[in-house]
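Working notes, structure below.
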Amino acid sequence: MRPGLLVRFLAFQNTLAATFALILAAAISVALTDSALAQRIALVIGNGKYQSAGTLENPPKDSAAIAEKLRELDFKVTMAIDSDLRGMRASLQAFTEAASSAEIAVIFYAGHAIQVDGENYLIPVDAKIRSRDDLSPSAVRAGEIYENLLKAHPQVTVLILDACRDNPFAKAVKAPAGLASGSASSAMLVKHPNSGGAIIGFAAAPGAVAYDGGAGNSPYTTALLQWIDRPGLELATMLRRVRSTVVELTHGAQVPWVEEALLREVYMHPSDPAAIAKLESGEKLQVALLDTMRALDNPEEKMAASEFYKRFTGNDQAAHLVLGESAENQQNPDNAFATQALVWLSIRQSRDPEDFRKFLATYPEGPFALLASARLERVEADRFKVASLTNKTGILIVGETSVTAVTPVPSEAMAPGASTDATKVLRPQDAPAQPQLPDAKTAPVAGGAEASQGQQVAALETDDPLEGEAALGLSRDALSGVQMLLSASGNYSGAIDASFGPRTRGAIAAFQKSAGLADSGYLNRATLQGLTNQYARKALSGKTHASARAAVHLVAAVASRGPGARPITLRVAAMSRNDQVHAFWNNLAQDFEAAHPGYRVEITHQPDYEYKERLLSMLGSPTPPDIMHTWGGGHLEALRVAGFARDLTKEMSDGWAMEFRPGVLQSFTQDGRIYGVPSSVELVSLWTNKALLEKAGVKREQLATWDGFLRAVRQLRSAGIIPIAIGGRDRWQFQFLYGMLAEQIGGRDAFAKAYAGGSDGFIAQPFVVAGDRLRQLADLDPFQPDFLSVGEGDAGMLFSKGKAAMIVTGNWRLNTMRWNWPGGFDRMKNELMRLELPGTAHRVNGAATYGGADGYIINSKAPDMAVELLRVLASPAVQTRIAELADSVPSVSGADLGVSDPFVSEVADTLLRSSYHQLYYDQALGPEAGEVVNDVATRLATGQLGGKEAARQIDRAWQQALHERSDQPVPIKP
């Protein structure tokens with residue numbers, strides 16, 4: 001043993017940082033002993049390559065992702081991918097036999113399934129189903145699974161079916177869409193002794209079809225992955241939150257279903273989140289220890305770490321959290337074992353074979369002797385490989401998975417006192433001073449984190465500058481990037497060709513000398529850092545070709561994060577159809593990259609009507625967005641609780657929050673924490689065509705009251721003019737009318753009380769009256785023919801071309817009006833008039849506005865640099881320019897002062913004077929209750945519903961939403 005090693009280690013107050021760096025380097029995955037694993041088992045089936053029904057892309061990927069997550073949760077997982085009937089039955093039979101001793105038995109199935117006469121069938125990939133008679137011999141009946149599990153009687157049964165995808169077999173058997181709930185009830189599984197019950201999760205509601213998803217995972221699996229490993233989250237509650245996330249991701253098109261008969265609380269991740277949070281609020285070193293203990297997979301090492309934690313902290317609370325019941329059953333190790341364990345943990349990642357020889361000499365019969373012998377054998381084998389190659393080539397680049405040889409510099413060229421002039425350091429003619437280039441396919445690359453880790457390249461200890469350059473592992477593109485930086489520095493004027501001849505070497509030496517570095521003419525990290533710090537911005541500015549920009553970013557990545565690193569891409573998901581906005585943002589991205597070399601910015605712009613649908617596939621992809629467009633209220637809340645929104649309170653508290661209007665920022669605040677950055681505000685108004693109003697004899701003052709407004713609708717209809725254009729196909733258009741009426745009648749107090757669940761909720765008088773008012777309007781036939789088949793954009797075009805007298809819409813529609821108004825913008829300025837929709841003659845609480853608040857959130861897993869990019873995108877200068885290009889009202893205080901468009905300026909002024917800005921009801925109430933608002937408003941506007949019943953339905957939906965958010969019983973009003 002190295003002298004003083006044990007003493008220094010046990011004196012951990014002075015050496016803990018170095019020790020735990022070694023320990024934490026080993027943390028890869030969490031695993032329990034075989035006996036513990038046997039108590040938690042899972043069968044994961046993913047069928048995608050159907051032989052007679054085409055291919056489903058996602059089920060195999062969904063299953064692999066779920067299997068990995070279950071393994072992390074200490075389940076012993078059996079996988080069956082693209083199984084035929086025989087394979088599925090064999091897997092289910094083996095799983096059923098193992099389930100007899102299980103504490104929790106989980107079956108996850110992704111693929112095609114079908115229901116016939118109330119029975120669900122899981123379809124193997126070799127199924128050939130032409131009629132109902134083919135089902136039983138070709139598919140696996142769900143009832144079989146229940147019956148077999150009933151015989152095995154595990155303590156808890158969990159069946160999850162992501163299987164309601166659009167099914168090509170449905171036509172052959174004339175079956176309805178989706179699956180049936182209750183075809184074999186989970187309640188039957190609670191009848192055996194010691195049962196904890198059962199729960200069945202369906203990806204979609206009974207009889208409904210689920211989405212397969214985009215390039216990532218299905219919406220259901222995407223949501224499941226977000227929630228399944230949350231510490232201390234009870235299983236039934238977890239599935240409710242999965243439902244909420246799927247509803248949000250699919251914009252209400254898919255609603256997962258649960259059939260539950262649990263007899264006790266069940267936890268997929270049983271750790272107490274309060275205890276974990278308490279530990280994490282303490283010393284960071286204790287948290288590091290806890291992470292280390294989770295990562296150890298050897299039972300003896302896990303026990304040793306537990307003992308060390310107890311000695312260091314004075315308690316073993318974390319040990320019980322991480323090790324579970326097995327920790328309680330362990331005997332306290334004696335001092336000899338603890339001593340050996342602590343020494344072993346301190347050297348286990350060493351690359352020096354002498355450490356392990358001394359350990360084995362000191363503890364030849366100890367519990368860690370076999371581990372030490374295996375590590376010694378591996379280290380010696382690695383050193384033998386290095387030595388053999390060194391004899392052949394002289395210089396090595398040693399990596400985690402490869403060893404690359406490089407031609408050596410003649411020793412006389414680097415002898416003490418030899419000239420360091422780059423032109424004199426050249427090899428003979430047959431050995432040019434050209435660095436060895438790693439092959440593009442095998443060159444080490446950085447992981448997804450900001451710092452490259454396991455794949456960094458390390459050089460042997462040497463003073464040879466060529467070896468130091470070779471150790472950087474620079475590819476040909478990176479060498480071209482170096483030449484670009486040298487050119488920007490003024491030291492190089494040759495070709496950018498990745499060929500390091502005398503001119504390039506001389507330029508390197510010249511830069512090194514000017515920077516106060518050893519002017520060897522060879523690259524090292526210090527040289528790369530100096531070049532990027534001083535000249536990367538210049539090299540990246542202007543109209544630099546994309547490949548050249550990539551080369552400079554590659555150099556910057558190696559300079560900042562070490563050999564093998566690659567540029568980090570910051571992905572932004574934006575919502576816009578405006579080409580001018582796209583071009584402006586692309587310029588912003590290039591400017592940001594120039595200021596932050598080593599970081600790339602990738603912006604995707606989605607049309608507003610497709611954004612929510614596409615967002616779900618982006619979130620489920622291997623490269624989800626780091627920054628994404630969102631709306632305040634329920635949409636933000638759903639993303640936040642699903643783990644997609646980073647808490648920005650700390651960053652905002654540094655004065656950033658002061659830049660935004662408080663009322664708008666409040667839309668991105670939940671429970672006193674800020675989770676998003678507002679970018680623009682939308683105001684919904686009654687826009688009118690003065691020429692058409694005058695033609696029908698309607699006066700402006702007439703539109704200040706509800707009775708006058710109704711009278712104006714009658715006058716317009718009598719004059720043969722369409723009173724109101726509306727996009728009925730987009731049901732949220734009717735919600736504008738309902739929400740604006742309720743706000744004008746009840747004001748802020750009414751909505752605040754209903755939102756909090758107090759008083760009469762949404763059955764209060766303002767909401768009933770608003771419904772009655774909308775029904776009154778509907779009875780006058782105020783909309784254009786076939787309005788239910790027309791979208792919001794088409795309705796905007798109808799109004800813009802002078803075919804309707806009024807429209808209820810937001811300021812985003814101004815561009816369409818400007819482009820299409822008969823007679824151009826000058827005539828539009830004379831004829832277009834913005835008014836408030838009158839709800840009552842006397843508004844409460846002063847001026848109130850109704851509309852949206854758009855903004856951006858940062859993915860909780862995004863690099864920290866994403867915060868700096870968002871600061872730019874939400875800055876006053878950028879918001880001001882976006883307002884000019886897209887008719888939006890910026891959320892940054894004062895940014896609207898430079899708006900020149902008279903209509904946008906009027907909207908901005910109205911918002912500034914507003915006593916408060918109410919977020920759209922469908923967004924404020926979240927996806928499920930919001931969909932009810934849209935549905936109810938549509939039925940009111942089509943004469944199918946009255947105000948009281950409409951209010952009752954909204955209130956019931958909101959009470960249910962409150963119930964699911966609180967996870968506590970909430971009385972639902974009859």
Side-chain angles (χ1 to χ4, degrees), residues 31-47 62-64 66-81 83 85-111 113 119-122 124 139-163 182-202 224 228-229 234-236 238-239 258-270 324-326:
L32 294 179
T33 63
D34 289 341
S35 61
L37 282 171
Q39 297 176 8
R40 296 162 68 86
I41 65 172
L43 172 62
V44 177
I45 303 174
N47 288 343
D62 295 344
S63 299
I66 293 296
E68 181 180 358
K69 187 66 67 176
L70 288 171
R71 289 189 187 101
E72 293 175 4
L73 295 171
D74 304 325
F75 280 82
K76 185 176 181 179
V77 179
T78 300
M79 288 193 67
I81 301 298
S83 292
L85 179 61
R86 183 176 179 180
M88 281 185 67
R89 290 194 184 282
S91 298
L92 288 166
Q93 178 62 35
F95 180 78
T96 300
E97 293 173 3
S100 61
S101 61
E103 176 189 352
I104 303 179
V106 176
I107 296 178
F108 174 88
Y109 175 81
E119 175 68 278
N120 296 321
Y121 294 84
L122 310 186
V140 176
R141 187 170 55 88
E144 295 176 40
I145 301 174
Y146 298 115
E147 292 158 9
N148 289 334
L149 288 173
L150 182 62
K151 296 175 184 177
H153 55 74
Q155 292 184 35
V156 174
T157 300
V158 180
L159 180 59
I160 299 176
L161 300 175
D162 191 0
S183 62
S185 175
S186 61
M188 65 190 295
L189 295 167
V190 307
K191 297 178 180 179
H192 63 79
N194 302 319
S195 173
I199 190 167
I200 307 170
F202 297 88
L224 196 60
I228 195 170
D229 61 348
E234 199 273 328
L235 179 58
M238 183 267 286
L239 289 175
V258 175
E259 182 179 338
E260 183 249 308
L262 293 176
L263 300 181
R264 60 178 172 83
E265 292 184 337
V266 177
Y267 298 89
M268 301 298 281
H269 191 323
E325 295 179 358
S326 60

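Every heavy atom of this structure was used, including side-chain atoms; hydrogens, water molecules and symmetry mates were not.
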Shortest non-hydrogen contact between G143 and E119, atoms and distance: N-OE1, 3.6 Å

Side chain proximity check, L224 to M238, heavy atoms < 4.5 angstrom: yes

Gap separating the CD1 atom of I199 from the CD1 atom of I160, nearest 0.5 angstrom: 8.5 Å

I107 vs L149 side-chain heavy atoms within contact, under 4.5 Å: yes

V140 side chain near Y121 side chain, heavy-atom distance below 4.5 Å: no

Side-chain heavy atoms of E68 within contact of I66, under 4.5 Å: no

Separation between OG1 of T157 and CG of L262, rounded to the nearest 0.5 Å: 9.5 Å

Evaluation steps, side chain to side chain contact (heavy atoms under 4.5 Å, CB included), between L70 and I228: CA-CA 8 Å; L70 288 171; I228 195 170; 4.1 Å; yes

Non-neighbouring partners of S83 that pass side-chain contact (heavy atoms from CB on, under 4.5 Å), sequence neighbours left out: N47, A80, M88

For E144, salt bridge (Lys or Arg N to Asp or Glu O under 4.0 Å) partners two or more places apart: R89

Euclidean distance, L122 CG relative to L161 CG, rounded to 0.5 Å: 6.0 Å

V106 vs M268 side-chain heavy atoms within contact, under 4.5 Å: yes

Sub-4.5 Å side-chain heavy-atom contact between I200 and Y146: yes

Under 3.5 Å: donor-acceptor pair, side chain of E103, backbone of R40: no

Residues in side-chain contact (heavy atoms from CB on, under 4.5 Å) contact with A67, at least two apart in sequence or another chain: V44, R71, V77, M79

Beyond-backbone contact of E260 with L235, side-chain heavy atoms, under 4.5 angstrom: no

Ion pair check, E147 and R141, cut-off under 4.0 Å: yes

Reported CG-to-OH distance for the pair N120 and Y109, which is rounded to 0.5 angstrom: 11.0 Å

Distance-minimising heavy-atom pair for A105 and F95: CB-CZ, 3.9 Å

L263 CG to Q155 CD distance, which is reported to the nearest 0.5 Å: 11.5 Å

Partner set under side chain to side chain donor-acceptor pair (under 3.5 Å) for E97, not counting sequence neighbours: Q93

F108 side chain near V158 side chain, heavy-atom distance below 4.5 Å: no

Test item: S63 side-chain N/O and I45 main-chain N/O as donor-acceptor pair under 3.5 Å: yes

